[in-house]
Amino acid sequence: MKALLIFSLALIGFSNDLYAQNDYKASILEFQQKLNEEFKNPDESPLSPEEQITFRGHDYYPIDEKYHVIAKFEKLPPQSFFQMKTTANSIKDYDIYGIATFTLDGAEYQLNIYQSHQLRTEEKYKDYLFLPFTDPTNGKETYGGGRYMDLRIPAGNTIELDFNKAYNPFCAYSAGYACPIPPKENDLPLEIEAGVMMK
């Protein structure tokens with residue numbers, strides 16, 4: 001009887017884990033579908049009308065939950081001003097809003113997280129944070145200029161980083177955009193095999 005109870009509890013735990021994994025995978029697939037739909041939408045897409053017709057969706061790395069990390073979040077003092085260079089040789093104003101510290105493959109890393117001066121004045125984006133980064137996959141399997149991640153201001157001292165939601169700047173698809181260039185502080189030394197791949 002005791003052995004049966006232990007087996008039943010183990011089975012319940014396994015089922016819960018499997019459900020959580022499936023739920024997580026579904027959330028990433030939903031993100032991928034929405035991103036693909038944006039690129040087919042003439043009002044949102046960086047693609048030309050001809051490219052929108054032939055666009056069949058982005059290439060993505062296989063979903064890997066190890067790239068979904070909960071990072072320690074350190075909010076910096078207000079007005080930690082930073083001017084980010086763009087691909088159009090212009091400057092965009094940000095604050096370094098905070099620093100995310102996390103462990104991946106047994107090593108610890110830090111990334112700066114930014115808040116746009118322009119976007120924070122808009123109600124829709126007032127809690128929006130921006131994480132641009134580069135890694136050794138750039139120019140080989142991913143866009144050479146690095147990738148981005150969208151975040152929201154966290155309530156506490158941790159922040160969710162999900163590299164499975166990393167995407168390319170519009171400059172990867174079309175000229176004429178002023179895309180922020182990831183600062184050297186956000187150059188990760190490990191390959192991030194998650195998110196959008198080369199177009």
Side-chain angles (χ1 to χ4, degrees), residues 31 34-35 38-39 43-47 58 61 67-102 104 108-155 157-199:
F31 165 82
K34 286 182 178 179
L35 186 62
E38 286 177 9
F39 273 65
D43 295 329
E44 300 180 276
S45 180
L47 303 177
H58 294 89
Y61 281 103
Y67 291 109
H68 175 220
V69 299
I70 303 300
K72 177 184 175 183
F73 181 73
E74 177 189 355
K75 187 178 183 302
L76 295 185
Q79 306 305 317
S80 298
F81 184 63
F82 184 87
Q83 291 189 309
M84 199 174 299
K85 295 180 180 179
T86 76
T87 53
N89 292 320
S90 58
I91 296 292
K92 290 189 176 182
D93 293 338
Y94 289 83
D95 282 344
I96 306 176
Y97 192 86
I99 299 173
T101 304
F102 61 97
L104 195 55
E108 186 174 274
Y109 303 97
Q110 285 189 337
L111 291 171
N112 288 346
I113 297 176
Y114 301 86
Q115 184 180 47
S116 166
H117 284 202
Q118 178 183 356
L119 289 182
R120 70 185 180 191
T121 63
E122 302 179 27
E123 182 65 25
K124 182 179 178 180
Y125 297 109
K126 66 180 182 180
D127 65 342
Y128 173 86
L129 298 177
F130 177 56
L131 174 54
F133 71 95
T134 54
D135 73 276
T137 68
N138 300 153
K140 297 186 297 183
E141 296 178 330
T142 62
Y143 175 59
R147 291 178 290 170
Y148 299 162
M149 195 187 308
D150 295 337
L151 304 171
R152 298 289 179 178
I153 295 175
N157 59 0
T158 62
I159 190 167
E160 179 183 12
L161 305 182
D162 197 335
F163 292 97
N164 290 291
K165 295 182 178 180
Y167 64 92
N168 293 331
F170 277 6
C171 297
Y173 308 94
S174 178
Y177 290 96
C179 300
I181 299 172
K184 62 181 181 179
E185 292 82 3
N186 278 15
D187 182 17
L188 288 170
L190 80 162
E191 294 186 344
I192 300 296
E193 296 176 320
V196 175
M197 301 180 71
M198 195 83 76
K199 65 168 186 168

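Atoms considered below: every heavy atom in the structure, side chains included; atoms not considered: hydrogens, waters and symmetry mates.
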Can you name the closest pair of heavy atoms from Ala178 and Ser90 and give their distance? CB-OG, 3.9 Å
Can you confirm if the aromatic rings of Phe39 and Tyr173 lie within a centre distance of less than 6.0 Å? yes
Around atom CD of Gln118, are there more than 12 heavy atoms of other residues, nucleotides or ligands at under 6.0 Å? no
Atom pair NZ (Lys85) and CD1 (Ile91), whose distance is rounded to the nearest 0.5 Å: 6.5 Å
Would you say Arg147 and Asp135 make side-chain contact, with heavy atoms under 4.5 Å? yes
Glu141 CD to Met198 CE distance, which is reported to the nearest 0.5 Å: 8.5 Å
Within a strict 4.5 Å, meaning less than it, do heavy atoms of the His117 and Asp95 side chains meet? yes
pair Leu111-Ile99: side-chain heavy atoms closer than 4.5 Å: no
Counting C-beta onward and ignoring hydrogens, is there a side-chain heavy-atom pair between Tyr148 and Pro180 closer than 4.5 Å? yes
Parallel, tilted or perpendicular, judged at 30° and 60°: which one describes the rings of Phe170 and Tyr177? perpendicular
For Phe82, which of Tyr97, Tyr114, Tyr94 qualifies under ring pair (Phe, Tyr, Trp, His ring centres under 6.0 Å)? Tyr114
Taken to the nearest 0.5 Å, the spacing of Lys34 NZ from Lys165 NZ works out to 8.5 Å
Does some side-chain heavy atom of Phe102 sit less than 4.5 Å from a side-chain heavy atom of Ile159? no
Any side-chain heavy-atom pair of Gln115 and Ile153 under 4.5 Å: yes
Nearest 0.5 Å, what's the OG1-CD distance between Thr101 and Glu74? 7.0 Å
How many angstroms lie between CG in Asn112 and CD1 in Ile96, if you round to the nearest 0.5 Å? 5.0 Å
Heavy-atom closest pair (Thr87 atom, Cys171 atom, distance to 0.1 Å) is OG1-SG, 3.1 Å
Grab the two heavy atoms, one from Pro46 and one from Ser174, that are nearest each other, plus how far apart they are. O-CB, 3.3 Å
Determine, step by step, whether Lys72 and Thr158 satisfy the side-chain contact (heavy atoms from CB on, under 4.5 Å) criterion, reporting the C-alpha distance in whole Å, the side-chain angles of both residues, the deciding distance to 0.1 Å, and the verdict. CA-CA 5 Å; Lys72 177 184 175 183; Thr158 62; 5.6 Å; no
Any Asn186 side-chain heavy atom under 4.5 Å of Thr134 side chain: no
For residues 124-133, run the donor-acceptor check on the side chains, cut-off 3.5 Å, and write out each pair with its distance to 0.1 Å, sequence neighbours left out.
residue: Lys126; atom: NZ; partner: Glu123; partner atom: OE2; Å: 2.9
residue: Asp127; atom: OD1; partner: Arg152; partner atom: NH1; Å: 2.8
residue: Tyr128; atom: OH; partner: Asp150; partner atom: OD1; Å: 2.6

How close do Leu188 and Tyr109 get, counting heavy atoms only, and between which atoms? CD2-CB, 4.0 Å
Pairwise distance CG(Asp187) to CG(Asn138) - rounded to 0.5 angstrom: 8.0 Å
With the side chain counted from C-beta on, respond yes when Tyr61 and Thr142 share a heavy-atom pair under 4.5 Å apart, and no when they do not. yes
